[in-house]
Amino acid sequence: MTALHAQQLEHALTEQFTGIVAVDDLSRFEERIRRSSFLSRSLAALAIREFTGYPLERCAEFVIDSFGDQGIDAIAVDLTSQDPQVWVVQAKWSSDGTAVFSKGAALDLKNGLELLIAREYQSFNAKLTPLIPDLEKALSDPRVQITLLPVWAGSQPMGAETKEVLNRFCAEYEDSLRLRTLRLQDFIRILRSGIAEPQVELKASASAADVSPIKEPILAYHGAIGAAEVARWYEDNHHRLFQRNIRNPLGGTPVNRTLVETLRTRPQYFWYFNNGITVLCDKVTMGPRGDVVMEGASIVNGAQTVASIHEAYQQAPNIVARARIGVRIISLTDCPEGFDHDVTRTTNTQNKVEPQDFIALEKVQQQLRDDFLLRLRKTYILRRGEEPPQSKDDGCTLREAATALACAHASPELSFQANMDIDLLWDPKQHHRLFPLHGTNAVRTWRTVLVFREIERQIDTQRPQWEGRVGTLADLGRLLIAHVVFQSLPRGWQKVAEPDWPPVLASTDELVDAAVASLIHWFDEGYGPKSQVSSIFRNAERYTNVAHSALATLQGGTQPPPLAPEYRASERERQARQANAVTVIYENNALEEGTFLEFRPVPGREQQQLTPWLAADPRRARATWTRQRRNCLVWAVDGVAYSPTGLAQKMLVEAGYRSKPLQGTRRWFVPQRGSLVDIADRLRQETEEEEEE
C-alpha cells in the first residue's frame, strides 16, 4: 500500500506542478536527478499549499531548493496576519514511499533557519532574493510565528532523536517557533480532498456533538461540540477548513493567546466566553444515533477559535478535551443563490473593540488631552480613527506617548512589553504605571516623546555603519536601545529649564552609540557571540538581564568595549579592500572561465534598497567570471565586463540610489564556495600552510 500511495502522490505532483515548479538550474544533470528534484520541490510547494491555502503558482515561487539552499527547500511568508507567519520547509522524496526525515536533515533545517534569523541572507542562493523583503519584515517583528515544516514521502514517523533536535530548537524560541510535519499518509489525505479545489468532509460523533435541527426556512443544526473533535478537524485539514472564509487563522494574536490560555486553564467556561463557530456545508446528514456528517464543509466564522483550540489541544489534550464550543451547521442544499456569501459576510462584519478604546476613556487620559491643548497648544490623539496631528510638531498620539513612556520607565519590563505587543500596555495595571493619575502632565509627556523621536532619528542615522548582530539589534531592539538611553540621561531631565533643554536632546547622539556597544557586549558575554540576537525580544529575563548589565556599565562611568570589526561596516569594507581578492584568484587560476556568480547585497539598508530591483529582473544578480585581472565579471544584463566593485556601484545607481564607497568582492558569490573575498582568503591560508610545511 505504501508503494501505491507513493505512485499516486507522484502522479498528482506531476499533474499539478509541471510547468510551475522549475528545475532549469539542473539542466546539466541527468533526467533521473532532475525528476527526483522536481518531485521533492513539488512536495515542498504542496506542503506550503496545505498550510497557507495560497494558489499553486505562488506556492511554487516559495521554493528555493538548489545549490546553496542551506538545508531549506521552501520558505513562505504571510504578512496579512496580525502576527506575521513564516513556514520553513525541508522535503524528502522517495518514489517507493520509503523516505525518512533523519537527524542530519533536522540539523540542516535548524542551521538554515538560524542563518535566516541572523540575517545571513548572503549565505543562500539567489532564489531567496525575491522573498527577502517580506521575510525581513516578518522576522523583524517580535510577534512572528515561525513553523518548521519537515515533510517526507514515507510512512515511517520521525525518529525520537530527530524529533528531540527539533523540539529542543523550538523550545529555545518559546512560543515563536513550532513544529509541524507531513508524511505520506497526510499527503494522501490531501489528495483525496483535492489539491486545486478541495472538498472537505467533517464528522462529529454523537458523543462529541450535541446539536438540534432548525428545519425552516433552511436546514441547520445548532448546539455544542467537543474541543477534541474540532482540534482533529484542523489537524486533518489545515487551511482547507476555511476555503469559504474571508481569512485564514491569524496566528498568535493577543486574542488567540487569550483563547489558548482559557482553554488550558478554564476549559469548562470556554463555551460561555466564546462566540463559537459557523460551518457551511453542501450537505448535512445526521445518523440515527446522532452522528453528524458534513460534506463540502467550510468554517466561515471562527477560524481563530478553531486554530486556538488546535494549538491548546497540542499543549494539553486532556485538559482541553473538557471544553465545549458553540456550533452552527448550515446546509446549503436548496438555499437561495448567494446565501453562502451572505452568511460569510454578515457573520464576519463587526466593529472590533480594541483595548486601547477602553483606555481612551480613562480620566487621566482626558486630563492629559486637555493639558496638551491648554498648556502646550498641541493635540493629543486618544482614539483610533481620529485624525492624527498635521505634523509632528503639532502633537502626538496616545500610542506614541505610551511607547515613549514605556522606554523611559525605570523598569525594562514595560519596554519589553511594548516591543512584543503594544496592546499589553493597555492592561489597567500597566497603564497606571505609565500614566499615574497625579503624576502625569503634558510637559513631561511631550518631552519624553521628543527624546524618543530623537533616539529613533539617531538610530536611523547611525544604522548604516552597523552590520551583523549589531544591525539586527538596531532593527529589532529600538525600544531596548531607547530604554538604556533614557536611563542614562541626567537625573531630572524632564524638568530642566527651557534653555537647558536642547543639550538634553543633543546628548542622545553619543548615548545611542554607547548603548548599542554596551548592549551587544553584554549579550555576547551572557549568551555567546553566536546566540540569536532576536531571542532577547522574546524572553523577558534575557531582555532585563542585558538591559541591567548595559546600564551598569554606562551609569558606572565605564566605557563599553568598542564594537568588534565584524560589526562595523567601514571595517568590513576596509578588510575586503585589503584582501585584493580578484588578484589572488586570478594569480591562482582558482575560477574557471564562465563560472557563474550571484550578487548578494549586504544586509541592512543596502539590501532593502536593492532587493526589489534585483527581483524585478533575475539577470541583474548574475554574472560570469572571465580571466581578466581587473574587469573579471561579465554582467548577464548587458554582456559587458566590469570589476566587481564597479559593477556593484553601477547596479546601485541603476536601482535609483546614489553610488557609495563599497567593495564588490564582498557581494559577488560563487554558489557553494562563498564570496570572492572568502575564496581569496582560503587561497591565502592554503599558501601560508604550505609555506609552514
Side-chain angles (χ1 to χ4, degrees), residues 362-365 367-378 380 392-419 425 429-459 461-462 477-519 522 543-544 546-560:
E362 292 276 345
K363 181 180 179 180
V364 66
Q365 293 296 339
Q367 291 177 345
L368 188 56
R369 181 186 59 187
D370 295 341
D371 199 23
F372 259 79
L373 182 61
L374 297 174
R375 193 187 308 197
L376 301 177
R377 295 293 187 268
K378 297 186 185 298
Y380 181 63
K392 284 196 170 185
D393 292 337
D394 293 331
C396 65
T397 64
L398 164 60
R399 193 179 188 89
E400 185 181 21
T403 303
L405 290 169
C407 295
H409 197 278
S411 171
E413 171 199 359
L414 291 169
S415 62
F416 173 80
Q417 291 183 341
N419 199 65
L425 299 183
K429 292 180 181 178
Q430 306 297 42
H431 171 256
H432 293 146
R433 294 174 71 185
L434 294 175
F435 299 94
L437 184 58
H438 300 295
T440 299
N441 64 64
V443 173
R444 171 182 175 270
T445 304
W446 180 240
R447 285 190 167 182
T448 304
V449 168
L450 290 178
V451 171
F452 180 70
R453 289 176 178 174
E454 183 61 19
I455 293 170
E456 288 210 305
R457 191 185 73 81
Q458 290 296 337
I459 293 174
T461 300
Q462 299 182 44
R478 286 171 171 251
L479 302 193
L480 174 59
I481 296 168
H483 171 73
V484 173
V485 172
F486 269 116
Q487 307 314 309
S488 302
L489 291 172
R491 187 180 299 274
W493 61 269
Q494 292 168 317
K495 300 177 181 179
V496 299
E498 198 61 34
D500 297 326
W501 173 243
V504 172
L505 288 177
S507 67
T508 59
D509 182 355
E510 292 183 1
L511 286 175
V512 165
D513 190 66
V516 168
S518 186
L519 284 167
W522 286 110
Y543 188 99
T544 300
V546 171
H548 283 161
S549 297
L551 276 172
T553 297
L554 298 181
Q555 292 175 345
T558 304
Q559 283 294 322

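In this text, all values refer to a predicted model and were calculated from it rather than measured experimentally.
The shortest non-hydrogen separation linking D371 to A442 is OD2-N, 2.8 Å. Among all heavy-atom pairs drawn from T553 and S518, the shortest one is CB-OG, 3.7 Å. Shown here for V449 and A401, the closest heavy-atom pair between the two residues is CG2-CA, 3.9 Å. Between L554 and A515, the shortest heavy-atom distance links the atoms CD1-CA, 4.0 Å. F452 and C407 get closest at one heavy-atom pair: CE1-SG, 3.9 Å. Contact between T544 and P412 at its shortest, heavy atoms only, is CG2-CG, 3.8 Å.
For the 3.5 Å distance criterion, the side chains of Q555 and Q487 fail to qualify, holding no donor opposite an acceptor. Of the N and O atoms on the side chains of Q494 and T448, at least one donor lies less than 3.5 Å from an acceptor on the other residue. Residues Y380 and T397 have side chains that never bring a donor and an acceptor to within less than 3.5 angstrom of each other.
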- List the steps, then state whether side chain to side chain contact (heavy atoms under 4.5 Å, CB included) holds for L519 with L480. CA-CA 9 Å; L519 284 167; L480 174 59; 4.0 Å; yes
- Do S507 and L489 pass the side chain to side chain contact (heavy atoms under 4.5 Å, CB included) test, and can you show the C-alpha distance, the side-chain angles, and the key distance before you say yes or no? CA-CA 8 Å; S507 67; L489 291 172; 3.6 Å; yes
- Step by step, work out the ring pair (Phe, Tyr, Trp, His ring centres under 6.0 Å) result for F486 and W493. CA-CA 9 Å; F486 269 116; W493 61 269; 5.7 Å; yes
- Message: Determine whether R433 and L405 satisfy the following criterion, side chain to side chain contact (heavy atoms under 4.5 Å, CB included), listing intermediate values before the conclusion.
- Response: CA-CA 9 Å; R433 294 174 71 185; L405 290 169; over 6 Å; no
- Task: For the pair F372 and T445, evaluate side chain to side chain contact (heavy atoms under 4.5 Å, CB included) and give the outcome as yes or no after the intermediate values.
- Result: CA-CA 9 Å; F372 259 79; T445 304; 4.1 Å; yes
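K429 and E413 are not joined by a salt bridge, as no carboxylate oxygen comes within less than 4.0 angstrom of a charged side-chain nitrogen. A salt bridge is defined here as a Lys NZ or Arg NE, NH1 or NH2 lying under 4.0 Å from an Asp or Glu carboxylate O, and R453 with E456 fails to meet this definition.
For the pair R444/K495, no side-chain contact is recorded, criterion being any heavy-atom separation below 4.5 Å from C-beta on. A 4.5 Å side-chain heavy-atom check between L479 and H483 finds every atom pair outside the cut-off. Within the 4.5 Å cutoff, side-chain heavy atoms of L398 are placed close to those of Q365. Using a 4.5 Å cut-off on side-chain heavy atoms (C-beta onward), N441 and L368 make no contact. Annotation: side chain of D370 is not in contact with side chain of R375 (no heavy-atom distance under 4.5 Å). At least one side-chain heavy atom of V504 sits under 4.5 Å from a side-chain heavy atom of W501. With a 4.5 Å cut-off on side-chain heavy atoms, W446 and L376 count as touching. Looking at heavy atoms from C-beta onward, R377 lies out of side-chain contact with D394 at the 4.5 angstrom threshold.
Every residue two or more places apart in sequence or in another chain was checked for a ring-ring contact (aromatic ring centres under 6.0 Å, His included) with H409, and none qualifies. The side chain to side chain donor-acceptor pair (under 3.5 Å) search around D509 returns Q462, not counting sequence neighbours.
At distances below 3.5 Å, at least one donor-acceptor pair connects side-chain atoms of K378 with backbone N or O atoms of D393. A donor-acceptor pair is defined here as one N or O able to donate and one able to accept, closer than 3.5 Å; no such pair exists between the side chain of S549 and the backbone of V546. Between the side chain of R369 and the backbone N or O of V364 there is no donor-acceptor pair closer than 3.5 Å.
A distance of 9.5 Å separates CD1 of I455 from CD1 of I481, quoted to the nearest 0.5 Å. One distance of note links CZ of R447 with CG of L450; it measures 8.5 Å at 0.5 Å rounding. Distance OG1/T508 to CD/E454: 4.0 Å, rounded to 0.5 Å.
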